[in-house]
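Lettering follows sequence order; numbering is per chain, from 1.
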Amino acid sequence: MPELPEVETVRRTLETLILDKTITEVEILYPKIIQMDEHEFSERLIGQKINRIDRMGKHLIIHLDHDVLIVHLRMEGRFFYHPRGTRLTKHDHLCFHLSDGMQLTYHDVRKFGTMHLISQKDYLTQGPLKDLAKEPNEIDFQEFKALIQKRKTEIKAILLDQKVISGLGNIYVDETLFRAGIDPTRLGIHITDLEVNKILDAAKLVLEKAILLGGTTIRTFEAMDGVHGRFQNELMVHTKAGEPCPICGTTIIKTKVKGRGTYVCPTCQH
DNA sequence: AACGAAACCTGCGCGC
DNA sequence: TGCGCGCAGGTTTCGT
């Protein structure tokens with residue numbers, strides 16, 4: 001998936017395409033994506049209008065007349081907006097027919113994505129948003145600092161935890177820690193107040209810049225059919241193993257932290 | 001409570 | 001060409 005900037009790009013694109021359209025029919029080819037009975041899912045959706053599309057962390061929040069559809073694209077989820085009747089392909093799992101004669105198709109090679117349909121009144125207190133932390137630009141510093149400094153695990157793993165801070169994934173955590181000058185294997189308990197501050201500033205900067213450029217394209221991610229992010233040109237360490245650090249020239253190395261591919265400059269990050 | 005590993009899926013590139 | 005392995009942007013679950 002897409003991390004926060006990619007999801008924001010998808011959100012903005014969807015907004016231009018499906019706002020104020022009504023769902024007229026739902027096709028479910030792979031029911032495991034939805035977290036409820038497929039007949040109930042279809043019945044509830046049909047007839048509801050798409051009134052607003054928000055985003056919280058990496059979740060898309062589609063506000064309907066009565067319910068809220070919460071979408072997580074995970075690793076490879078994508079949407080396509082095509083004329084009704086366009087043939088579905090191998091990895092198309094859901095298809096929403098819309099009142100404008102178009103169809104919104106959910107496509108996901110690895111089938112990791114999820115959709116939750118929850119009533120408007122409960123969507124913040126039930127389901128995937130229940131324990132979601134705030135995003136870097138709205139997080140409370142004291143709260144964030146306390147969560148980091150009480151943990152005895154690596155800072156990279158802490159920053160990937162969406163209950164601590166939302167929106168960062170593997171790419172942007174590497175970029176954030178590089179800009180903050182911090183080694184991803186440092187334990188949370190050893191991170192100083194000053195360093196927490198640097199991390200937060202770096203995270204805000206990285207995400208803001210990535211949103212501006214429409215996200216990062218690595219391998220197959222596209223916001224919608226044919227739209228590529230341009231943040232990959234801004235990456236300083238992620239995917240740069242063997243290349244010189246843009247600050248000091250030291251060769252960037254690739255390691256593993258908690259099983260995740262991790263890129264660091266051994267000179268700039270301590 | 002907090003941690004790490006495994007699980008959920010498929011496709012791709014690599015070495016043999 | 002085929003096979004097995006490791007890898008991929010995320011999160012949840014399970015055992016310790």
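Salt-bridge annotation for A:E135 and A:R55: present, with a side-chain N of the basic residue lying under 4.0 Å from a carboxylate O of the acidic one. The pair A:D193-A:K145 meets the salt-bridge criterion, since a charged nitrogen lies less than 4.0 angstrom from a carboxylate oxygen. We find that A:D161 and A:R151 are joined by a salt bridge, their nearest charged nitrogen and carboxylate oxygen being less than 4.0 Å apart. Using a 4.0 Å cut-off between charged nitrogen and carboxylate oxygen, A:D131 and A:K163 do not count as a salt-bridge pair. Taking the charged nitrogens against the carboxylate oxygens, A:R11 and A:E8 do have a contact shorter than 4.0 Å, which makes a salt bridge.
Residue A:K58 has its side chain nearest to C:dG10 when only B:dG11, C:dG10, B:dC9 are considered. Candidate nucleotides C:dT11, B:dG11, C:dA8 were compared by shortest atom distance to the side chain of A:K254, and C:dA8 ranks first.
Considering only side-chain N and O atoms, A:H72 lies under 4.0 angstrom from the phosphate OP1 or OP2 of C:dT11. The phosphate of B:dG11 (OP1 or OP2) has a side-chain N or O of A:H91 nearer than 4.0 angstrom. When the side-chain nitrogen and oxygen atoms of A:Q162 are compared with OP1 and OP2 of C:dT11, one or more of them lie within a distance under 4.0 Å. Between A:K90 and B:dG11 there is a side-chain polar atom (N or O) within less than 4.0 angstrom of OP1 or OP2.
In this structure, A:F112 packs face-to-face on the six-membered ring of B:dC8, meeting both the 5.5 Å centre cutoff and the 30° plane limit.
Taking A:Y30 as the reference, A:H93 meet the ring pair (Phe, Tyr, Trp, His ring centres under 6.0 Å) condition, with sequence neighbours excluded.
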_Steps toward ring pair (Phe, Tyr, Trp, His ring centres under 6.0 Å) verdict (A:F231, A:Y172)_ = CA-CA 11 Å; A:F231 190 75; A:Y172 298 120; 5.5 Å; yes
Under the rule of Watson-Crick or G-U wobble with both distances under 3.5 Å, where | means paired to another strand and [ ] a crossing pair, DNA chain C maps to .|||||||.|||||||
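Nearest-nucleotide positions on DNA chain C for A:K256 and A:R260 put A:K256 closer to the 5' end.
No engagement by A:G113 is indicated, since no non-hydrogen atom pair under 4.0 Å with the nucleic acid exists.
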Produce the list of close N/O pairs, under 3.5 Å, pairing protein atoms with atoms of nucleotides 1-4 of chain B; give distances to one decimal.
unit_1: B:dC3; atom_1: OP1; unit_2: A:K152; atom_2: N; d: 2.9
unit_1: B:dC3; atom_1: OP2; unit_2: A:R151; atom_2: NE; d: 3.0
unit_1: B:dC3; atom_1: OP2; unit_2: A:R151; atom_2: NH2; d: 3.1
unit_1: B:dG4; atom_1: OP1; unit_2: A:K258; atom_2: NZ; d: 2.9
unit_1: B:dG4; atom_1: OP2; unit_2: A:T153; atom_2: OG1; d: 3.0
unit_1: B:dG4; atom_1: OP2; unit_2: A:K258; atom_2: NZ; d: 3.2

